[in-house]
Number of protein chains: 2
Amino acid sequence: MLDAALAVFAEKGYEGATLDEVAERAEFGKGTLYNYFPGGKESILFALLDEVYDGLVAIIEAYFTDEAEQHRPTRALFRDFIAALIAYFSERQAVFMIMVKEAQRLMLDGNTAARIFAQRERLAETTAAPIQAAMDRGALRPMDAHGVAHMLMGNVHGYMMYASCPPVDGDHHRKARAFLSSPEKGADFIATILFDGLLTEQARA
Amino acid sequence: MLDAALAVFAEKGYEGATLDEVAERAEFGKGTLYNYFPGGKESILFALLDEVYDGLVAIIEAYFTDEAEQHRPTRALFRDFIAALIAYFSERQAVFMIMVKEAQRLMLDGNTAARIFAQRERLAETTAAPIQAAMDRGALRPMDAHGVAHMLMGNVHGYMMYASCPPVDGDHHRKARAFLSSPEKGADFIATILFDGLLTEQARA
DNA sequence: TCAGAAGGTGACCGATCAGTCACTTGGCGC
DNA sequence: GCGCCAAGTGACTGATCGGTCACCTTCTGA
C-alpha cells in the first residue's frame with residue numbers, strides 16, 4: 001500500500017496526487033486506505049517518509065558494519081560508499097523523488113520541519129560515526145563530523161539532481177553529463193572534490 | 001506583484017497558495033492578476049522563477065566581473081564567493097524557499113524540467129567560467145568545470161538547508177550548527193572541504 | 001447453519017479554489 | 001462636462017478531491 005503511495009506521490013507530487021489514484025494503484029478501495037491510515041493523506045506521507053528514511057539508514061549501517069569494508073583505506077571506503085548511495089538512488093528513482101519533492105518541502109515548513117529534520121539527523125548521525133572514526137585515526141581533517149556528513153549527503157543529492165536531469169535541447173554539455181552518468185564515475189567525481197580538494201598541489205604552496 | 005507571489009508561494013508552497021491570497025497581499029483584485037498574467041497561476045510561478053534566477057545570475061556575474069576581485073588568490077576568491085551566496089540567501093529566505101520547494105519539484109517533473117533546467121544551466125555556466133579560468137591557469141584541478149559549478153551550487157544549497165533548520169528539541173548538535181551559522185563560518189567550512197579536501201596530508205601519501 | 005466480527009468498499013458530501021466576466025472606476029482628450 | 005478607453009474588481013461557477021459512512025463480503029467459531 002505504501003508502495004502505491006510512493007509511486008503516485010513520486011510521479012504527481014503530494015499535493016497533485018489524489019487518494020483515489022493511490023487506492024486504485026494499491027488495488028484497494030479508498031475507504032480501506034482510511035482503515036490503515038486513519039490520519040488521512042498526511043499520515044500516509046509521513047509513514048512513507050519514515051519507511052524511506054529507515055531504508056536509507058539501514059543500507060548505510062549495513063555498509064559500514066560490513067566486516068570486509070572495515071579496514072580499507074579511508075578514501076576508498078568513502079568513495080565506494082558514495083557509489084553505493086548513487087546506485088541506490090539510481091535504482092529507486094521514486095525514493096529519490098519523494099525525498100527531493102516532499103521531504104525538502106516539509107523541512108522548510110514550520111509545522112513539519114522538526115519531524116523530517118529528526119529523520120535527517122538519524123541519517124547524518126549514522127554517516128557521521130565512520131567519519132568521526134576516520135578523523136580520530138588521523139585520516140581526515142578534524143572538523144565537525146556531523147556537518148561533514150550532512151554535506152556529503154548533500155553532494156550526493158546535488159549529483160543526482162545534476163545527473164538525472166533530461167538532456168536539454170541543444171545542450172552542449174550532454175557529453176559532460178554522460179561522462180558522469182554511472183555511479184562509479186559519479187563517485188570518482190564527488191570523491192575527488194571532497195577528499196582530494198579542488199586546489200592543485202602548487203596552488204596550496 | 002511578483003513580490004507578493006514570492007512571499008505567499010514561499011510560505012505556503014505553490015499548491016498551497018491561493019490566488020486570492022496573492023491578490024490580497026499584492027493589494028489588487030484577483031481579476032487584475034489575470035490582466036497581468038493571462039496564463040494564470042502557473043505563469044505567475046514561471047515569471048517569478050525567471051526573476052529569481054535572473055537575480056542570482058546578476059549577482060554572480062557582478063561578483064566575478066568586479067575589477068577588485070579579479071586578481072586575488074583563487075581560494076580566497078571562491079571562498080568569498082561562497083560567503084556572498086550564503087549571505088544572499090540568508091537575507092532572502094523567501095527566494096531560497098522558492099528555489100528549494102518549487103524549482104526542485106519542477107525540475108523532476110517531465111513537463112517543466114527543461115525550462116527550469118535551462119535556468120540552472122545559466123547559473124552553472126556563469127559560475128563555470130571563472131572556474132574554468134582558474135583551471136586553465138593551473139590553480140584548480142582540471143575537471144569538468146561545468147559539473148564542478150553545479151556541485152558548488154549544490155554545496156551552498158546543502159549548507160543552507162543544514163544551517164537554516166530550526167533546532168530540534170534535545171538536539172545535541174545545536175552548538176555545532178550555531179558554529180556554522182554565519183556566512184563567514186559557513187563559507188570557511190565549505191571552502192575547506194571543496195578546495196583543501198577532507199584528507200589529511202599524511203593520508204594522501 | 002448462522003450470528004457476529006473484521007475487513008473492505010465506493011457513492012456521496014462539503015469545502016476549496018482556479019478561472020471568468022459583467023461591472024465599476026478614474027483619467028485623458030476634446 | 002462628456003464620451004471613451006484602460007485598468008481594476010470580486011461575486012460567481014464548475015470541477016476537483018479529502019474525508020465519511022452505510023453497506024457488503026468474507027471468515028470464524030459455536
Side-chain angles (χ1 to χ4, degrees), chain A residues 1-52 94 97-98 101-113 115-116, chain B residues 1-52 94 97-98 101-113 115-116:
Chain A
M1 198 133 86
L2 284 177
D3 286 350
L6 175 67
V8 176
F9 286 170
E11 190 189 344
K12 313 261 180 163
Y14 173 72
E15 306 279 358
T18 70
L19 289 186
D20 286 302
E21 201 169 348
V22 173
E24 190 186 3
R25 187 92 156 222
E27 296 181 313
F28 278 110
K30 182 156 62 153
T32 312
L33 251 49
Y34 280 85
N35 289 345
Y36 285 81
F37 301 98
K41 197 182 185 187
E42 196 175 61
S43 78
I44 296 177
L45 178 60
F46 282 130
L48 181 55
L49 284 173
D50 286 347
E51 200 187 58
V52 162
M97 288 204 179
I98 288 287
K101 286 184 181 175
E102 306 312 331
Q104 297 237 14
R105 177 176 64 81
L106 294 173
M107 250 181 102
L108 293 178
D109 178 330
N111 300 323
T112 50
R115 175 147 189 185
I116 301 298
Chain B
M1 196 134 83
L2 284 176
D3 285 350
L6 174 68
V8 176
F9 286 169
E11 190 189 342
K12 313 261 179 160
Y14 173 72
E15 305 277 0
T18 70
L19 289 186
D20 286 302
E21 201 169 349
V22 173
E24 189 186 3
R25 187 89 156 227
E27 295 181 314
F28 278 111
K30 181 154 64 152
T32 311
L33 250 49
Y34 280 84
N35 289 346
Y36 285 82
F37 300 99
K41 198 181 185 187
E42 196 175 60
S43 78
I44 296 177
L45 177 60
F46 281 130
L48 180 56
L49 285 173
D50 286 348
E51 200 186 57
V52 163
M97 287 205 180
I98 288 286
K101 286 184 180 173
E102 306 313 331
Q104 298 238 14
R105 176 176 64 80
L106 294 173
M107 250 182 102
L108 293 178
D109 178 329
N111 301 324
T112 50
R115 174 146 191 186
I116 302 298

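What you see is a predicted model; the values in this text were computed from it and never measured. Only heavy atoms go into these numbers, but all of them, side chains included; no hydrogens, no water, no symmetry mates. Below, chains carry the letters A, B, ... as their sequence lines are ordered, and counting in each starts from 1.
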Ring-face cation of A:Lys101 near A:Phe9 (centre distance under 6.0 Å, axis angle within 45°): no
A:Glu42 CD to D:dG19 C1', in whole Å, measures 14 Å
Per atom distances to the B:Tyr34 side chain, the nearest of C:dT9, D:dC17, C:dG19 is C:dG19
Closest heavy-atom pair, A:Ile44 versus A:Ala5, reported as atoms and distance to 0.1 Å, is CG2-CB, 3.7 Å
d(B:Leu6 CG, B:Ile98 CD1) to nearest 0.5 Å is 5.5 Å
Separation of C:dT20 atom P from B:Asp20 atom CG, nearest Å, is 14 Å
In whole angstroms, the gap separating C1' of C:dC17 from NZ of B:Lys12 amounts to 14 Å
### Task
Using a 4.0 Å heavy-atom cut-off across all strands, classify B:Gly40 as base, sugar-phosphate, or nothing.
sugar-phosphate
Of the candidates C:dA18, D:dG18, D:dT9, the side chain of B:Leu19 sits closest to C:dA18
Looking at B:Thr32, does any N or O in its side chain come under 4.0 Å of the phosphate oxygens OP1/OP2 on D:dT9? yes
Whole-Å distance, B:Glu27 CD to D:dT9 P, equals 10 Å
- Classify the nucleic acid contact of A:Ala17 as base, sugar-phosphate or nothing, counting any heavy atom under 4.0 Å across all strands shown. sugar-phosphate
Considering only heavy side-chain atoms of A:Lys30, the closest of D:dT9, C:dG10, C:dG8 is C:dG10
From CD of A:Glu24 across to C1' of C:dG8 the rounded distance in Å is 17 Å
Separation of D:dC21 atom P from A:Asn35 atom CG, nearest Å, is 13 Å
- Message: Measuring to OP1 and OP2 of C:dG8, would you say a side-chain N or O of A:Tyr36 lies under 4.0 angstrom away?
- Response: yes
Report task. Would you indicate what A:Phe37 reaches in the nucleic acid, counting non-hydrogen atoms under 4.0 angstrom: base, sugar-phosphate, or nothing? Result -> nothing
Check your understanding: Which part of the nucleic acid, if any, lies within contact of A:Lys41, taking any heavy atom under 4.0 Å across all strands shown: a base, the sugar-phosphate backbone alone, or nothing?
Key -> sugar-phosphate
Discussion item. Between B:Asp109 and B:Arg115, does the salt bridge (Lys or Arg N to Asp or Glu O under 4.0 Å) criterion hold? Intermediate values first, please.
Written reply: CA-CA 10 Å; B:Asp109 178 329; B:Arg115 174 146 191 186; over 6 Å; no
dist A:Lys30:NZ -> A:Leu33:CG (nearest 0.5 Å) comes out at 9.0 Å
